[in-house]
**Student:** 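Below you will find the structure I want to go over with you.
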Protein chains: 2
Amino acid sequence: MSVEHDSRQRVTIMDVAKRAGVSKGLVSFALNDRPGVSPESRERILTAARELGWTPSLRARSLSTRRSFALGLVVGRTPEVLGADPFFPSFIAGVESILAPEGRALVLSVVPDEEAELRTYRSLVADGRVDGVFLSDLRHNDPRIPLLVELGLPAVTLGRPEGLTPTDLNPAGRSPFPAVSIDDTVGIAESVRYLAGLGHSRIAHVAGSASMLHGSRRRMAFDDAVRAAGLAECQTIETDFSIGAGAAATRRLLDQDVPPTAIVFANDPMAIAGLGVAHELGLRIPGDLSITGFDDINFARYVYPPLTTVSTTPAQWGRAAARTLLFLMEHGSAEDVDLPAARLTVRGSAGAPASAAIATGT
Amino acid sequence: MSVEHDSRQRVTIMDVAKRAGVSKGLVSFALNDRPGVSPESRERILTAARELGWTPSLRARSLSTRRSFALGLVVGRTPEVLGADPFFPSFIAGVESILAPEGRALVLSVVPDEEAELRTYRSLVADGRVDGVFLSDLRHNDPRIPLLVELGLPAVTLGRPEGLTPTDLNPAGRSPFPAVSIDDTVGIAESVRYLAGLGHSRIAHVAGSASMLHGSRRRMAFDDAVRAAGLAECQTIETDFSIGAGAAATRRLLDQDVPPTAIVFANDPMAIAGLGVAHELGLRIPGDLSITGFDDINFARYVYPPLTTVSTTPAQWGRAAARTLLFLMEHGSAEDVDLPAARLTVRGSAGAPASAAIATGT
DNA sequence: ACCATAAACTGAACCGGTTTAGGTTTCCCA
DNA sequence: TGGGAAACCTAAACCGGTTCAGTTTATGGT
């Protein structure tokens with residue numbers, strides 16, 4: 001009994017209806033299991049559909065339901081920064097692992113600057129390409145938030161936004177979008193405590209961009225931890241998170257009369273660049289200089305010495321974000337999710353400073 | 001004269017037709033600039049559309065034209081391998097730079113294995129999600145090629161496929177899909193020649209997966225170059241392109257009685273891992289061991305010593321691939337594109353072997 | 001036996017475009 | 001002046017689903 005022979009004509013809901021001896025409306029009802037279909041009819045319809053190998057046309061569904069069954073991710077980074085950071089590949093893999101079984105697709109955009117980013121959101125909505133979006137790399141007074149509110153596009157933020165204007169807040173005074181967050185301050189605090197415990201007193205921080213929430217938050221965590229450890233003012237240099245900027249910052253720090261004995265980097269790419277600069281200057285690591293990173297990218301374990309860093313879980317973040325966004329779109333609201341805090345992973349790049357005398361200056 | 005006030009009702013082609021005093025069919029004609037529309041009408045219609053801020057509904061267009069105006073990229077890699085390799089972010093950025101102005105979106109899938117990969121292509125087609133796809137990471141007898149032929153999905157391959165069965169070939173005996181390629185054998189040959197020129201005679205190769213075309217092709221290029229340089233048989237170790245495998249391979253190579261004095265790695269992540277292993281073993285680079293990589297990822301310039309490697313241009317590849325795929329879809333066929341060969345970029349990780357005595361064994 | 005009500009189901013409108021068959025004009029030339 | 005072709009345009013069908021008003025059928029209460 002061959003039913004699969006394609007007669008050069010995609011099988012439609014009408015074919016299924018005819019074969020089951022019902023109207024196409026009822027087929028639709030049965031498929032979206034809604035009430036008002038007798039068990040027998042439902043069975044007959046589903047059987048017919050199976051026999052014909054029918055799958056409802058996504059395009060037709062899109063048109064009549066005004067949904068696209070796709071989610072969007074707009075990444076506003078230069079290829080330079082993007083390429084060095086394995087966050088997105090892992091994050092996307094996590095997202096996909098949730099979306100694929102649900103029959104939803106991910107529409108990805110990579111754009112170089114903020115203006116293009118906002119344009120992209122507008123056109124995604126104008127074209128009805130996506131039903132919701134992931135908002136990553138939050139910034140202070142992030143212009144994307146009011147834009148998405150204006151566009152009425154459901155979203156999930158990676159981390160809690162800050163600096164929202166009253167008009168953006170929802171009635172309860174909260175962010176208009178659910179946030180899926182991971183506490184990265186714990187890891188920074190642990191890094192500083194660990195270094196201080198090893199005997200370091202001149203600890204510097206190579207921070208990420210202050211305009212990015214995770215950049216400034218890690219910096220504040222660093223300052224707090226330094227203070228908590230009873231250390232004197234510690235140096236911080238702001239960068240844009242790029243490898244090159246990390247190398248330059250390291251050079252500046254080490255090129256001082258009294259250089260730091262340890263550097264806490266805001267991400268692993270910069271830390272690895274720092275490692276390179278230190279080697280180049282002939283410093284022993286961790287003897288002359290201790291280094292910690294943030295992210296625990298794959299490279300971290302394989303550079304020399306292996307990088308002591310803070311381990312994050314982007315794939316898990318992706319899964320949680322995808323689940324939250326799907327829930328939001330289905331139920332109209334969703335709870336914030338807090339993932340387990342990122343914790344310090346100790347490897348070889350940090351150790352006791354070689355000379356306490358130099359460190360204390362006495 | 002406010003026309004922008006949204007009356008809670010998206011403006012449709014009908015609104016434009018009414019305002020221009022024509023039928024909606026004619027609006028469609030004017031918009032897709034087809035013959036049979038008088039200049040005056042066309043002008044009136046376009047003006048009306050502009051005034052109303054009308055954009056044709058992508059969803060409606062999709063339904064009636066049976067196109068999705070989106071292209072697909074299915075990446076079959078584990079997050080582990082994917083995250084370390086900045087190829088895709090750059091490639092995607094290149095693709096996007098072409099697609100965005102054309103109003104096309106990129107649908108991205110990341111799947112862990114080949115089975116899921118094939119499933120994904122099937123469902124992308126069944127759902128009509130994409131009008132064409134990019135085929136990367138070509139493998140020998142790649143099962144995706146016959147699948148895409150069967151599905152009738154236009155595609156562009158990144159590199160020329162091999163091992164096609166006669167049924168897959170088109171009438172002219174060529175691959176059914178246009179290929180956008182970059183010659184990576186030149187870079188490998190240059191690496192070997194460069195090392196040989198420095199005085200190395202025991203050069204090893206840490207190859208990528210032999211099942212991947214670029215893995216085996218680079219390996220063959222290595223063998224050819226070694227022979228051309230008049231060197232004795234040189235060692236090769238096959239890996240899966242992952243950082244960890246690169247580290248393990250390096251360890252095995254260096255843990256021999258007569259270790260190589262230079263290693264040519266099939267990609268940068270493995271080369272960087274090799275650098276780490278060498279450092280760990282207390283070797284001086286390039287004095288005791290020379291290392292070359294492949295890709296010229298961002299990290300390459302910032303590790304110590306900076307990596308001598310072969311520079312590729314993934315963003316350019318992405319642009320060319322996107323242009324070719326768009327052309328293919330519009331005209332039904334497209335020419336192969338050959339990008340400039342990847343060339344060696346000399347930095348510090350390769351140099352003359354410290355002792356010619358050890359190198360020659362005399 | 002009869003009416004009320006719920007459950008099951010149908011038919012048609014609708015989503016917003018494209019496409020095609022056919023109908024007017026207009027213009028040209030015999 | 002008429003005939004024919006070309007240019008322009010309209011109306012309606014179509015893409016393949018969802019949805020809803022309304023009809024039929026089954027159930028139940030009195």
Side-chain angles (χ1 to χ4, degrees), chain A residues 6-46 48-49 52-70 103 125-129 131 330, chain B residues 6-46 48-49 52-70 103 125-129 131 330:
Chain A
D6 64 348
S7 40
R8 275 315 83 187
Q9 192 67 44
R10 218 181 106 74
V11 27
T12 76
I13 197 173
M14 252 315 204
D15 303 318
V16 177
K18 284 203 195 100
R19 173 176 264 253
V22 297
S23 70
K24 67 174 188 167
L26 201 63
V27 175
S28 177
F29 275 39
L31 201 82
N32 302 313
D33 39 32
R34 299 201 339 193
V37 185
S38 73
E40 305 82 56
S41 300
R42 176 185 310 278
E43 190 51 45
R44 222 163 354 108
I45 291 170
L46 295 183
L52 293 174
W54 174 70
T55 317
S57 150
L58 191 78
R59 295 203 261 251
R61 246 147 81 76
S62 281
L63 179 58
S64 61
T65 62
R66 298 147 171 283
R67 293 188 296 154
S68 61
F69 304 97
V125 170
D127 289 349
R129 287 262 192 210
D131 301 325
E330 186 166 0
Chain B
D6 64 347
S7 39
R8 269 322 78 186
Q9 192 68 44
R10 219 181 105 74
V11 25
T12 76
I13 198 175
M14 253 315 204
D15 302 320
V16 176
K18 286 203 194 101
R19 174 177 265 252
V22 297
S23 69
K24 67 175 189 165
L26 201 64
V27 175
S28 177
F29 275 41
L31 202 81
N32 302 314
D33 37 32
R34 301 214 321 210
V37 185
S38 72
E40 305 82 55
S41 299
R42 177 184 310 278
E43 189 50 46
R44 222 163 355 106
I45 290 169
L46 295 182
L52 293 174
W54 175 70
T55 317
S57 152
L58 191 77
R59 295 204 261 251
R61 243 145 86 78
S62 281
L63 179 58
S64 60
T65 62
R66 299 147 170 281
R67 293 189 296 154
S68 62
F69 305 97
V125 170
D127 289 349
R129 288 261 192 210
D131 300 326
E330 186 166 0

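Since the structure is predicted, the reported quantities are computational estimates derived from the model, not experimental observations. A note on names: the letters A, B, ... follow the listed sequences, proteins ahead of strands, and every chain is numbered from 1.
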**Student:** Which distance, rounded to the nearest 0.5 Å, do you find between the CG of B:Leu31 and the CD1 of B:Ile45?
**Tutor:**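 Interatomic distance, B:Leu31 CG to B:Ile45 CD1, rounded to 0.5 Å: 9.0 Å.
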
**Student:** Over how many whole Å does the gap from A:Leu63 atom CG to C:dC14 atom C1' extend?
**Tutor:** 9 Å

**Student:** Tell me whether the OP1 or OP2 atom of C:dT18 has a side-chain N or O from B:Ser64 closer than 4.0 Å.
**Tutor:**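 No, because none of the side-chain N or O atoms of B:Ser64 sits under 4.0 Å from OP1 or OP2 of C:dT18.
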
**Student:** Does A:Trp54 put a side-chain nitrogen or oxygen below 4.0 Å from OP1 or OP2 of D:dG16?
**Tutor:**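 Checking A:Trp54 against D:dG16: no side-chain N or O falls below 4.0 Å of OP1 or OP2.
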
**Student:** Is the distance from OP1 or OP2 of D:dC14 to the nearest side-chain N or O of B:Arg66 less than 4.0 Å?
**Tutor:**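 No, because none of the side-chain N or O atoms of B:Arg66 sits under 4.0 Å from OP1 or OP2 of D:dC14.
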
**Student:** Just so I know, are the side chains of A:Leu26 and A:Val37 near enough to count as touching, which here means a heavy-atom distance under 4.5 Å?
**Tutor:**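 They are in side-chain contact.
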
**Student:** Once you round to the nearest 0.5 Å, how far does CZ of B:Arg129 lie from OG of A:Ser68?
**Tutor:** 7.0 Å

**Student:** Nearest whole Å is fine: how far is D:dG16 P from A:Leu26 CG?
**Tutor:**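 Rounded to whole Å, this separation is 20 Å.
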
**Student:** Could you state the NZ-P distance from A:Lys18 to C:dC9, rounded to the nearest angstrom?
**Tutor:** 19 Å

**Student:** Which residue, A:Arg61 or B:Gly21, contacts DNA chain D at a nucleotide closer to its 5' end, judged by nearest heavy atom?
**Tutor:**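 Closest to the 5' end, via its nearest nucleotide, is B:Gly21.
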
**Student:** Check DNA chain D against residues 30-43 of chain A and give the residues with a non-hydrogen atom under 4.0 Å, in numerical order.
**Tutor:**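 Per residue number, the list reads A:Asn32, A:Arg34.
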
**Student:** Taking CZ from B:Arg10 and P from C:dC14, how many angstroms apart are they, rounded to a whole number?
**Tutor:** 18 Å

**Student:** Without decimals, in angstroms, what is the distance between B:Phe69 CZ and C:dG16 P?
**Tutor:**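 Distance, rounded to whole Å: 17 Å.
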
**Student:** With no hydrogens and no angle check, do the side chains of B:Ser41 and B:Arg44 hold a donor and an acceptor under 3.5 Å apart?
**Tutor:**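 Per modelled atom types, B:Ser41 and B:Arg44 side chains form a pair under 3.5 Å.
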
**Student:** What's the separation between atom CG in B:Leu46 and atom CG in B:Asp33, rounded to the nearest 0.5 Å?
**Tutor:** 8.5 Å

**Student:** Indicate, with a heavy-atom threshold strictly under 4.0 Å, whether A:Ser28 touches base, sugar-phosphate, or nothing.
**Tutor:** base

**Student:** May I have the distance from A:Lys24 (atom NZ) to C:dA13 (atom P), rounded to whole angstrom?
**Tutor:** 12 Å

**Student:** Kindly indicate whether the side chain of B:Asp15, heavy atoms from C-beta on, has any atom under 4.5 Å from the side chain of B:Trp54.
**Tutor:**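 A side-chain contact is absent here, since even the closest heavy-atom pair is not under 4.5 Å.
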
**Student:** I'd like a list of close polar pairs between nucleotides 21-23 of chain C and the protein, N/O only, cut-off under 3.5 Å.
**Tutor:**
none

**Student:** If we ignore hydrogens and angles and just use 3.5 Å, is the side chain of B:Arg59 paired with the main-chain N or O of A:Gly128 as donor and acceptor?
**Tutor:** yes

**Student:** Contact class for B:Val22 vs. all strands (heavy atom < 4.0 Å): base, sugar-phosphate, or nothing?
**Tutor:** sugar-phosphate

**Student:** Atom CE of B:Met14 and atom P of C:dA13: how far apart are they, to the nearest Å?
**Tutor:** 15 Å

**Student:** What does B:Ser57 touch in the nucleic acid at a heavy-atom separation under 4.0 angstrom: a base, only the sugar-phosphate, or nothing?
**Tutor:**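 It contacts sugar-phosphate atoms only.
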
**Student:** How many angstroms lie between atom OG of B:Ser62 and atom CG of A:Leu58, to the nearest 0.5 angstrom?
**Tutor:**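 Output value for this atom pair is 9.0 Å.
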
**Student:** When the C1' atoms of the five terminal pairs at each end define the local axes, what inter-axis angle does the helix from C:dA1-D:dT30 to C:dA30-D:dT1 show, to 10 degrees?
**Tutor:**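 Its terminal axes enclose an angle near 60°.
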
**Student:** Report yes if the side chains of A:Arg61 and A:Asn32 come closer than 4.5 Å at any heavy-atom pair, otherwise no.
**Tutor:**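 Contact flag for A:Arg61/A:Asn32 side chains = yes.
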
**Student:** Looking at CD1 of A:Ile13 and OG of A:Ser28, how far apart are the two atoms once the value is rounded to the nearest 0.5 Å?
**Tutor:** 5.0 Å

**Student:** Can you find a heavy atom in the side chain of A:Thr12 that is under 4.5 Å from one in the side chain of A:Lys24?
**Tutor:**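 Heavy-atom side-chain distance check fails, nothing below 4.5 Å.
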
**Student:** Atom CD1 of A:Ile13 and atom C1' of D:dG16: how far apart are they, to the nearest Å?
**Tutor:** 8 Å

